[in-house]
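This report concerns only the one structure given below.
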There are 2 protein chains.
Amino acid sequence: MAATIKDVAKLAGVAISTVSYALNNSPKISQATRTKVMEAARELSYQKNGFASDLKRTKTNTIALILSDLAGPYYSELTKGVQEVTTAHGYDLIACSSQGGPQSTAVKFLKEKRVDAAIILAHNISDEVIAESARKGFPIIILDRHLNNDYVVQVEVDNFHGGYVATEHLIQQGSKEIAFISGPPGSHDSDRRYSGYITALNEHHLEPKPKWRMHGDFTREGGYRATKMLMAQGSLPEAVFFANDEMAIGGMQAFKENKIRIPEDISIIGFDDIQLSEFMSPPLTTIKQPKYEAGALAMHLILQQLADEEVNQYYKLSTELIVRKSVK
Amino acid sequence: MAATIKDVAKLAGVAISTVSYALNNSPKISQATRTKVMEAARELSYQKNGFASDLKRTKTNTIALILSDLAGPYYSELTKGVQEVTTAHGYDLIACSSQGGPQSTAVKFLKEKRVDAAIILAHNISDEVIAESARKGFPIIILDRHLNNDYVVQVEVDNFHGGYVATEHLIQQGSKEIAFISGPPGSHDSDRRYSGYITALNEHHLEPKPKWRMHGDFTREGGYRATKMLMAQGSLPEAVFFANDEMAIGGMQAFKENKIRIPEDISIIGFDDIQLSEFMSPPLTTIKQPKYEAGALAMHLILQQLADEEVNQYYKLSTELIVRKSVK
DNA sequence: CTGTTAGCGCGTTCAC
DNA sequence: GTGAACGCGCTAACAG
């Protein structure tokens with residue numbers, strides 16, 4: 001059905017290679033021939049098969065942004081950073097999801113050399129898969145974990161410091177009993193934020209209590225459930241540090257249902273500074289991540305590596321406390 | 001650097017075709033040989049080149065979801081609908097952006113046969129590009145426009161009826177002077193909503209006034225600017241129908257800055273029911289689109305077409321009025 | 001100079 | 001279980 005280069009050659013009455021040269025603007029071809037070829041191509045509405053040329057060129061010119069869930073509340077600022085740099089340098093960008101584990105689209109693209117590089121922000125992709133895919137000439141940037149691999153570069157937000165600052169802020173504002181709602185088990189980001197929390201408590205000689213630690217999973221429902229469990233314990237902490245904003249929003253919902261007022265009865269702080277935060281009532285105090293910068297940096301690092309330049313293996317970006325109204 | 005099937009064949013001491021069969025679990029290969037091959041593959045950490053096999057198979061097994069902006073506030077419910085159906089049927093899904101016009105990743109993937117089908121929700125892709133890409137055996141579903149083409153199927157939300165219901169609701173609640181803030185020029189969705197608005201006005205013998213019509217562009221800033229312009233006219237309408245929620249949110253901001261209270265001083269209604277709407281203060285009354293359903297339906301239609309089944313050329317899904325607190 | 005021949009990239013699949 | 005053609009386009013080397 002669809003026309004191939006062969007058909008165009010036949011119609012134009014020239015050799016296949018001539019068509020290729022003409023269509024790729026090689027100076028070898030005369031204007032007359034070029035026009036003839038173009039016309040034939042138009043007539044057959046010929047479109048080259050992208051795979052065939054990628055195959056030959058062993059270069060796809062496209063970068064994959066791998067997210068745990070395409071539909072998720074993923075970081076649009078980050079995507080914007082990636083996208084802008086990508087486009088500015090003439091590369092193509094595709095986003096794919098790692099849902100489905102080893103069968104996922106993400107894994108397929110990572111392994112089968114379908115892209116020239118990848119940026120990964122997908123906690124549900126295993127370290128092994130990344131390690132297996134990493135190879136010379138195929139830069140991978142990871143945004144959500146540590147991994148020691150020569151071919152993998154890490155761009156990390158300073159989660160530890162963010163967690164520390166959040167907790168410190170709660171303490172400064174007068175809280176002593178501070179709960180922590182974590183992300184999914186094994187989440188590197190959540191763990192680092194927790195470390196910051198613990199460190200801040202320790203510095204102020206406050207004791208971290210196990211009952212003030214609940215597990216969420218970075219979702220709104222998870223935050224809601226964890227908060228309900230917190231309340232079920234009978235006594236309430238003075239403040240809660242949610243490991244991300246989504247969970248904080250779920251928590252606010254839970255508190256509201258139990259007529260617990262924020263910040264009068266309890267202080268709340270989140271992490272991420274997602275768009276919704278400032279629209280909550282009260283607006284959510286949180287830790288802002290430089291997401292746009294992270295995305296842009298990741299993409300820059302890829303470009304440098306594709307250009308065979310040396311880059312460091314590790315980059316850390318700092319966070320910022322955004323004070324709004326959810327902390328007393 | 002990277003190992004090819006040839007290397008595996010050499011190491012395993014078998015023919016290239018044998019490796020291919022073994023790796024694809026063909027019954028033609030004995031268990032012993034299969035194991036030998038697998039081992040060689042592992043040793044070389046062989047990964048097939050996805051393009052080569054797609055090329056040969058002339059099938060990619062992947063579907064493209066084309067959005068106007070990967071970073072935009074795109075419809076995550078829609079994506080979820082698409083994603084779930086796609087995954088359930090063993091297809092892969094990639095999302096790409098049409099930013100950059102004819103040079104965009106979206107256009108490249110559409111034209112160069114890099115995917116088996118596409119779902120388009122990207123007002124900045126031209127009808128021509130779609131028409132040029134449409135061909136037998138390459139299903140395209142469009143969610144945001146009309147287009148008469150044998151190879152293109154349309155899934156549309158009933159924008160006309162949504163616009164009608166929104167306006168009707170404002171009228172029922174006592175408004176007579178109703179402004180309409182439109183989307184970007186040429187937006188099919190916006191136009192249909194506008195028609196619904198006009199029809200409702202007419203039915204109630206209310207006259208649409210040009211001064212109550214402003215142009216936004218579906219962004220928050222656009223809604224903000226349009227609203228400022230509306231206010232600059234001196235007199236205010238009793239209600240405003242924003243062609244989407246993002247603009248309504250921008251509008252609310254503008255009203256707030258001018259100390260105009262919602263809904264006491266002016267009623268507001270949006271369109272889309274994006275996540276933020278219910279968190280606004282006051283919560284935004286709006287028209288909900290069945291986005292998940294639209295996505296799932298689009299993907300189902302693709303599967304049917306890939307299976308060579310006949311499908312209709314046009315599907316319409318209905319909208320729903322969500323009453324919250326922004327209308328008096 | 002213009003345009004052609006031939007081989008390549010890598011994996012799949014048919015005929016033997 | 002193997003050899004070889006094939007999918008489609010690119011490009012070095014060569015002939016006109």
Side-chain angles (χ1 to χ4, degrees), chain A residues 1-38 40-41 44-61 108-109 111-116 135 137-138, chain B residues 1-41 44-62 108-109 111-116 135 137-138:
Chain A
M1 177 70 228
T4 74
I5 198 172
K6 216 182 278 181
D7 304 311
V8 178
K10 198 181 298 170
L11 182 59
V14 297
I16 291 178
S17 53
T18 306
V19 176
S20 176
Y21 285 128
L23 261 25
N24 290 302
N25 291 316
S26 155
K28 311 178 74 161
I29 306 297
S30 72
Q31 195 50 51
T33 311
R34 190 189 309 284
T35 312
K36 202 167 51 178
V37 170
M38 302 275 228
L44 297 170
S45 57
Y46 164 75
Q47 291 294 158
K48 79 168 168 196
N49 181 317
F51 293 150
S53 66
D54 284 352
L55 178 57
K56 176 67 189 183
R57 296 198 159 124
T58 56
K59 174 157 161 60
T60 69
N61 209 46
K108 172 170 156 184
F109 275 71
K111 290 196 161 178
E112 299 184 355
K113 310 179 178 63
R114 289 169 184 276
V115 288
D116 291 348
R135 54 185 181 269
F138 182 63
Chain B
M1 180 68 230
T4 73
I5 198 171
K6 218 182 273 181
D7 304 313
V8 178
K10 198 181 297 171
L11 182 58
V14 296
I16 291 178
S17 50
T18 306
V19 175
S20 176
Y21 285 126
L23 261 26
N24 289 303
N25 291 316
S26 154
K28 312 177 73 158
I29 307 297
S30 74
Q31 194 51 52
T33 311
R34 189 190 309 283
T35 312
K36 203 167 51 177
V37 170
M38 302 273 229
E39 243 153 57
L44 298 169
S45 56
Y46 165 75
Q47 293 292 160
K48 79 168 168 197
N49 181 316
F51 292 150
S53 70
D54 284 352
L55 178 56
K56 177 65 190 179
R57 295 199 161 123
T58 54
K59 172 154 162 64
T60 68
N61 210 45
T62 112
K108 173 169 155 184
F109 275 70
K111 290 196 161 180
E112 299 183 357
K113 311 180 179 61
R114 289 169 184 276
V115 287
D116 291 347
R135 55 186 180 269
F138 182 63

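What's counted below: heavy atoms across the whole structure, side chains too, no hydrogens, waters or symmetry copies. So that the names make sense, note that chain A is the first sequence line, chain B the second, and so on, each numbered from 1.
- Legend: residues meeting side chain to side chain donor-acceptor pair (under 3.5 Å) with B:Lys28, ordered by chain and number and at least two apart, are absent.
- Using a 4.0 Å heavy-atom distance criterion, A:Ser26 is classed as making no nucleic acid contact.
- By the 6.0 Å contact criterion, NZ on B:Lys10 is open, its count of non-hydrogen atoms from other residues, nucleotides or ligands being 12 or less.
- Atoms NZ (B:Lys111) and P (D:dC8) sit 19 Å apart, rounded to a whole Å.
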Assess the residue pair A:Asp54 and A:Thr60 against the criterion (side chain to side chain donor-acceptor pair (under 3.5 Å)); give the C-alpha distance rounded to whole Å, side-chain angles, the decisive distance to 0.1 Å, and a yes or no. CA-CA 5 Å; A:Asp54 284 352; A:Thr60 69; 5.4 Å; no
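- Residue A:Lys59 qualifies as enclosed at atom NZ: its count of foreign heavy atoms under 6.0 Å is above 12.
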With side-chain contact (heavy atoms from CB on, under 4.5 Å) as the test, would you mind laying out the steps for A:Arg114 and B:Arg114 before giving the verdict? CA-CA 11 Å; A:Arg114 289 169 184 276; B:Arg114 289 169 184 276; over 6 Å; no
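- Taking CG from A:Asp116 and OG1 from A:Thr58, the interatomic distance works out to 9.0 Å, rounded to the nearest 0.5 Å.
- When the P atom of D:dC8 is taken as reference, atom CZ of B:Arg114 falls 15 Å away, rounded to whole Å.
- Counting heavy atoms from C-beta on, the side chains of A:Arg34 and A:Leu23 never come closer than 4.5 Å.
- With A:Asn49 contributing its side chain and A:Phe51 its backbone, the two residues share a donor-acceptor pair below 3.5 Å.
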Going 5' to 3' along nucleotides 9-16 of chain C, which nucleotides have protein heavy atoms under 4.0 Å from the base (write B), which only from the sugar-phosphate (write S), and which from neither (write -)? BBBBBBB-
Base-pair string, DNA chain D, Watson-Crick plus G-U, cut-off 3.5 Å on both distances, | for inter-strand, is ||||||||||||||||
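- A:Val19 comes within 4.0 angstrom of no nucleic acid atom, judged by non-hydrogen atoms across all strands.
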